[in-house]
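Heavy-atom basis, side chains included; hydrogens, waters and symmetry copies ignored.
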Amino acid sequence: MSEPAPPLLVADDLVKRFPSGVLAADGVSFAVRHGETVGLVGASGSGKSTVARMVLGLVRPDAGSVRFDRHELTALPPRRLRPLRARLQFVPQSPRTSLNPHLTVAQSIAFNLRAHGWRRGDVRARVAELLDQVGLPAGYAARRPAELSGGQAQRVAIARALATRPDLVVCDEAVSALDKSVQAQILNLLAGLQRDTGVAYLFVSHDPAVVEHLCDRVLAMRDGRVTSPPKERE
Ligand SMILES: Nc1ncnc2c1ncn2[C@@H]1O[C@H](COP(=O)(O)OP(=O)(O)O)[C@@H](O)[C@H]1O
Ligand SMILES: [Mg+2]
């Protein structure tokens, strides 16, 4: 019958040198399959965020390619990248700075839906459904970021990322700013959402303990290169 499905994401030999001369990515290759969680660990400055940003199309590599479901992202003009963005979303480290302080929780999530063409009438029900999925009471829809704890704000960021039913969510240090107990809650939430929706994660963290918990496979980065399998903990 048909061949096995190709990976959802293939990063191939990515290279990025910043004008400062720093070689942040030096031939990085990996794949993420549908529905799996791939960890990217490494010390601060090893190039993880640069790789994450190249995967998201936010940083253009000097060489190499990013294929997302057969689309060569690095070659796409912004106009063609935009519809794919709905399927390739992002959870940042610090939701309280990434969430617009002037928007309510509902408005932040709705903004992402509206940006991808959701009709106003469908948005309200979807926002309510998402708040429930990430474990926030319905009344939080009217709150602003200043009225949320770090964990609650991260739940909102996750709801916003999942709103458009993406195939892949890139999480860059998504629990690094949280206390250990809250970290565990958010990691459990992410795992549960994956079971429910089949979303794949590229999960970036400097903390091997966090990654071990969640990931099917872990890649270790050092000085811009993938050195996996990861080295013993220091
Ligand atoms: N926009 C940038 N301009 C110049 N250098 C950068 C930029 N972003 C990252 N770097 C440098 O690239 C290297 C890798 O950074 P980064 O990808 O943020 O690593 P990590 O996420 O693993 O901490 C670091 O030396 C960092 O200082
Ligand atoms: Mg980083």
Legend entry - Sub-4.5 Å side-chain heavy-atom contact between Leu187 and Phe203: yes

Legend entry - Check against side-chain contact (heavy atoms from CB on, under 4.5 Å), Val15 and Leu23: CA-CA 8 Å; Val15 176; Leu23 188 56; 4.1 Å; yes

Legend entry - Check against side-chain contact (heavy atoms from CB on, under 4.5 Å), Leu168 and Gln89: CA-CA 6 Å; Leu168 178 65; Gln89 292 272 339; over 6 Å; no

Inset, instruction - Please name the pair of heavy atoms, one in Val134 and one in Ile158, separated by the smallest distance, quoted to 0.1 Å. - result: CG1-CG2, 4.2 Å

Inset, instruction - Could you tell me whether a side-chain N or O of Arg124 sits under 3.5 Å from a main-chain N or O of Ala106, the two making a donor and an acceptor? - result: no

Inset, instruction - Assess the side chains of Ser181 and Gln183: does a donor N or O sit below 3.5 Å from an acceptor N or O? - result: no

Inset, instruction - Looking only at non-hydrogen atoms, find the nearest pair between Val199 and Pro166 and report the distance. - result: CG2-O, 3.6 Å

Inset, instruction - Determine, stepwise, if the pair Val169 / Leu202 fulfils side-chain contact (heavy atoms from CB on, under 4.5 Å). - result: CA-CA 6 Å; Val169 175; Leu202 177 61; over 6 Å; no

Inset, instruction - Look at the side chain of Glu72 and the backbone N and O of Val66, then say whether any donor-acceptor pair between them is shorter than 3.5 Å. - result: yes

Inset, instruction - Determine whether Leu88 and Asp167 make a side-chain contact, defined as any pair of heavy atoms from C-beta on separated by less than 4.5 Å. - result: no

Legend entry - Leu40 side chain near Val218 side chain, heavy-atom distance below 4.5 Å: no

Inset, instruction - Would you confirm whether Gln194, through its side chain, and Gly35, through its main-chain N or O, come within 3.5 Å as a donor-acceptor pair? - result: yes

Inset, instruction - Please step through side-chain contact (heavy atoms from CB on, under 4.5 Å) for the pair Thr164 and Arg87, ending with a clear verdict. - result: CA-CA 7 Å; Thr164 56; Arg87 303 178 49 202; over 6 Å; no

Inset, instruction - Could you state whether Val22 and Val28 fall into the same hydrophobic cluster, counting links through intermediate Ile, Leu, Val, Met, Phe, Trp or Tyr residues with side-chain heavy atoms under 4.5 angstrom apart? - result: no

Inset, instruction - Run the salt-bridge test on Arg114 and Asp122 with the 4.0 Å N-O cut-off and return the result as yes or no. - result: no

Legend entry - side chain to side chain contact (heavy atoms under 4.5 Å, CB included) partner of Val55, the single match among Phe30, Phe90, Phe68: Phe30

Inset, instruction - Flag the pair Arg225 and Asp26 as a salt bridge only when some basic side-chain nitrogen lies within less than 4.0 angstrom of an acidic carboxylate oxygen. - result: yes

Inset, instruction - Examine the side chains of Gln107 and Asn100 and answer whether a donor and an acceptor come within less than 3.5 Å of each other. - result: no

Legend entry - Residue Asp223 excluded, over 12 heavy atoms near CG under 6.0 Å: no

Inset, instruction - Say whether Leu58 and Phe18 are linked into one hydrophobic cluster, either directly or through other cluster members, by side-chain heavy-atom distances under 4.5 angstrom. - result: no

Legend entry - Side chains of Ser49 and Asp172, donor plus acceptor under 3.5 Å: yes

Inset, instruction - Kindly compute the distance separating CG (Leu14) from OG (Ser29), expressed to the nearest 0.5 Å. - result: 7.0 Å

Inset, instruction - Using a strict 4.0 Å threshold on nitrogen-to-oxygen distance, state whether Arg126 and Glu129 make a salt bridge. - result: yes

Legend entry - Side chain Arg67, main chain His71, donor-acceptor under 3.5 Å: no

Inset, instruction - From the options Ser46, Ser176, Ser44, select the one residue that forms a side chain to side chain contact (heavy atoms under 4.5 Å, CB included) with His206. - result: Ser176

Inset, instruction - Return yes if some donor-acceptor pair links the side-chain N/O of Gln152 with the main-chain N/O of Ser149 below 3.5 Å, else return no. - result: yes

Inset, instruction - Can you measure from CG (Leu178) to CD (Gln154) and round to the nearest 0.5 angstrom? - result: 6.0 Å

Legend entry - In one Ile/Leu/Val/Met/Phe/Trp/Tyr side-chain cluster, 4.5 Å: Val182, Tyr140: yes

Inset, instruction - Locate the shortest heavy-atom distance separating Pro92 from Ala157; write the atom from each residue and the value. - result: CD-CB, 4.5 Å

Legend entry - Heavy-atom check, side chain of Phe111 versus side chain of Arg160, under 4.5 Å: no

Legend entry - Under 3.5 Å: donor-acceptor pair, side chain of Arg60, backbone of Thr74: yes

Inset, instruction - For residues Leu99 and Ala153, report the shortest heavy-atom separation together with the two atoms involved. - result: CD1-O, 3.9 Å

Inset, instruction - Please examine the side chains of Tyr201 and Leu190, heavy atoms only from C-beta on, and report whether any two atoms are closer than 4.5 Å. - result: yes

Legend entry - Any Glu173 side-chain heavy atom under 4.5 Å of Lys48 side chain: yes

Inset, instruction - Determine whether Arg33 and Leu8 make a side-chain contact, defined as any pair of heavy atoms from C-beta on separated by less than 4.5 Å. - result: no

Legend entry - pair Val38-Asp216: side-chain heavy atoms closer than 4.5 Å: no

Legend entry - Residue pair Val91 / Ala161: nearest heavy atoms and the distance that separates them: CG2-CB, 3.7 Å

Legend entry - Separation between CG of Leu73 and CZ of Arg80, rounded to the nearest 0.5 Å: 11.0 Å

Inset, instruction - Could you grab the distance from atom CD of Gln133 to atom CG of Leu162, nearest 0.5 Å is fine? - result: 7.0 Å

Legend entry - Shared hydrophobic cluster for Ile109 and Leu189 (ILVMFWY, side-chain gaps under 4.5 Å): yes

Inset, instruction - Starting at OG1 of Thr37, measure out to CZ of Arg217 and round the result to the nearest 0.5 Å. - result: 10.0 Å

Legend entry - Nearest atoms (heavy-atom pairs only) where Val170 meets Ala52: CG1-CB, 3.8 Å

Legend entry - Within one Ile-Leu-Val-Met-Phe-Trp-Tyr cluster: Leu84 and Val32, side-chain cutoff 4.5 Å: yes

